[in-house]
Amino acid sequence: MRLATWNVNSLKARLQRVEDWLTDVQPDVVCLQETKLADTAFPAMTFEALGYATAHHGEGRWNGVAILSRVGLTDVQAGFDDDDAPDKEARLLWATCGGVRVASAYVPNGRALDNDHYTYKLGWLARLRAHLDLHDDPGGAVAVCGDFNIAPADADVWDPAVFEGATHVSAPERAALAELERWGLVDVFRTLQPEPGLFSWWDYRAGNFHKRHGMRIDLVMASAALADRATYAVIDRNARKGQAPSDHAPVIVDFAD
DNA sequence: ATGGTCGCGCAGCGA
């Protein structure tokens, strides 16, 4: 099974590129983030024509997550399934695809360490961990995929010194990610690709992509049993090139059956 | 780290 995650930064603006990429890459399951669409505007027919069943959880102008699958798509759950008030933002979607419990996650950015949004981010990650405790089996096949807005280690940042005191690299965020690892999730890309300096996001500004000034913040977090089946992982930098790219590149992982 | 750039939607915010 070929699984991918991609923050497309508006599916409306990116649809043709996504279609072309699906045709080229032939993924079986795709998690999309930042669709920036209402559910009524989601182009389900376009993906259906390419062989994909879909689920979308959107709100309109901001956020929005989707799952595409050509290996089955059942038991869809939007957001957190717990007793708390529903998340006000459309950032999480679950479905079972090809025997894997898949989540498409768009973790809050955090903005700055002293910002309320940072508190929301940490709470959101804790709630994700609690959701896993409630509903999922760390011994099963689980893949939480998406834009985590966290660089797991300094090797995932082009210049760690530049980001001291900033979000995406702070100890509490990394601790929240480590809590997901404690539950049983593994950063699959990192297990297959040990070298530093491999990034999935580059700011549009200042020619950062061409200067290789990026971060690896898009992750496939797989349960150990699933991670053991991973045979190949790549960040598709080609998708960040050319006309009208997203500022994120897709992360692709292949799993043996 | 953000002057830089995008997307949304038509000013300025969010990333």
Side-chain angles (χ1 to χ4, degrees), chain A residues 5-21 31-43 46 56-66 87-92 104-125 145-171 173-174 176-177 197 199-219 235-251:
Chain A
T5 183
W6 193 6
N7 179 324
V8 293
N9 185 21
S10 169
L11 186 56
K12 185 180 177 186
R14 219 68 62 206
L15 185 56
Q16 188 60 57
R17 280 194 75 123
V18 172
E19 287 182 67
D20 293 346
W21 178 84
C31 297
L32 300 177
Q33 299 85 39
E34 281 206 90
T35 62
K36 297 186 177 178
L37 295 174
D39 288 336
T40 51
F42 182 76
T46 300
H56 181 253
H57 176 44
E59 60 185 77
R61 298 171 55 182
W62 310 112
N63 310 310
V65 284
D87 191 359
K88 288 193 283 285
E89 302 186 345
R91 296 181 172 276
L92 184 65
S104 180
Y106 178 42
V107 176
N109 176 289
R111 296 177 192 164
L113 301 194
D114 60 356
N115 194 297
D116 286 346
H117 204 253
Y118 180 77
T119 310
Y120 171 54
K121 181 181 197 173
L122 295 180
W124 198 97
L125 288 160
C145 313
D147 177 359
F148 281 75
N149 275 313
I150 300 169
D154 285 352
D156 301 308
V157 182
W158 68 272
D159 184 355
V162 160
F163 292 91
E164 274 196 31
T167 183
H168 293 60
V169 301
S170 73
E173 290 165 83
R174 286 176 169 170
L177 189 62
F199 306 134
S200 66
W201 170 84
W202 303 259
D203 197 304
Y204 283 123
R205 293 172 288 188
N208 276 8
F209 178 66
H210 299 286
K211 290 191 268 189
R212 300 181 178 267
H213 291 182
M215 283 182 155
R216 192 175 68 90
I217 56 177
D218 298 273
L219 309 176
I235 297 172
D236 185 5
R237 291 183 84 258
N238 287 329
R240 181 63 174 77
K241 299 176 182 174
Q243 283 295 307
S246 170
D247 47 353
H248 295 252
V251 181

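All of these numbers come straight from a predicted model, not from anything done at the bench.
Nucleic acid contact class of A/W201 (heavy atoms, under 4.0 Å, all strands): none. At a threshold of 4.0 angstrom between heavy atoms, the contacts of A/N208 include nucleobase atoms, whether or not backbone atoms are also involved. Among the heavy atoms of the strands lying under 4.0 Å from A/Y106 are primed sugar atoms or P, OP1, OP2 only; no base atom is included. Contacts of A/N149 with the nucleic acid, taken as non-hydrogen atoms under 4.0 Å apart, are absent.
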(message) Let's go through A/F199 and A/I217 carefully: what are the C-alpha distance in whole Å and the side-chain angles of both, what is the deciding distance for side-chain contact (heavy atoms from CB on, under 4.5 Å) to 0.1 Å, and is it a yes or a no?
(response) CA-CA 8 Å; A/F199 306 134; A/I217 56 177; over 6 Å; no
(request) Walk me through it: do A/F163 and A/H168 pass the test side-chain contact (heavy atoms from CB on, under 4.5 Å)? (result) CA-CA 8 Å; A/F163 292 91; A/H168 293 60; 6.0 Å; no
(request) Show the numbers, then the answer: is there a side-chain contact (heavy atoms from CB on, under 4.5 Å) between A/E164 and A/V169? (result) CA-CA 8 Å; A/E164 274 196 31; A/V169 301; over 6 Å; no
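To the nearest whole angstrom, the two P atoms, one in B/dG9 and one in B/dA15, are 15 Å apart. Taking atom C1' in both B/dG14 and B/dT2, the straight-line distance is 14 Å, to the nearest Å. Taking the C1' atoms as reference points, B/dC6 lies 16 Å from B/dA11, given to the whole Å. For the P atoms, the distance linking B/dA1 with B/dC10 amounts to 35 Å, nearest Å.
Counting only distance, with no hydrogens or angles, the side chain of A/D39 and the backbone of A/G58 share a donor-acceptor pair below 3.5 Å. A donor-acceptor contact shorter than 3.5 Å links the side chain of A/S104 to the backbone of A/L32.
When the P atom of B/dT2 is taken as reference, atom CZ of A/F163 falls 9 Å away, rounded to whole Å. What separates NZ of A/K121 from P of B/dA15 is a distance of 10 Å, to the nearest Å. Taking atom OH of A/Y204 as the reference point, atom P of B/dT2 lies 20 Å away to the nearest angstrom. Between the CD atom of A/E34 and the P atom of B/dG7 there is a distance of 11 Å, rounded to whole Å. The interatomic distance linking A/Y118 (OH) with B/dG14 (P) rounds to 19 Å, in whole Å.
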For nucleotides 8-13 of chain B, list the nitrogen or oxygen atoms of the protein found under 3.5 Å from its nitrogen or oxygen atoms, one pair per line.
residue: B/dC8; atom: OP1; partner: A/S10; partner atom: OG; Å: 2.3

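Nearest to the side chain of A/A206, among B/dG4, B/dT5, B/dA15, sits B/dG4.
Comparing A/N109 and A/H213 along DNA chain B, the residue whose closest nucleotide (by nearest heavy atom) sits nearer the 5' end is A/H213.
Using a 4.0 Å cut-off, some side-chain N or O of A/R111 falls inside it from OP1 or OP2 of B/dA15.
Side-chain contact between A/N115 and A/K121: absent, with no pair of heavy atoms (C-beta onward) separated by less than 4.5 Å.
A salt bridge links A/D154 to A/R174: at least one charged side-chain nitrogen sits closer than 4.0 Å to a carboxylate oxygen.
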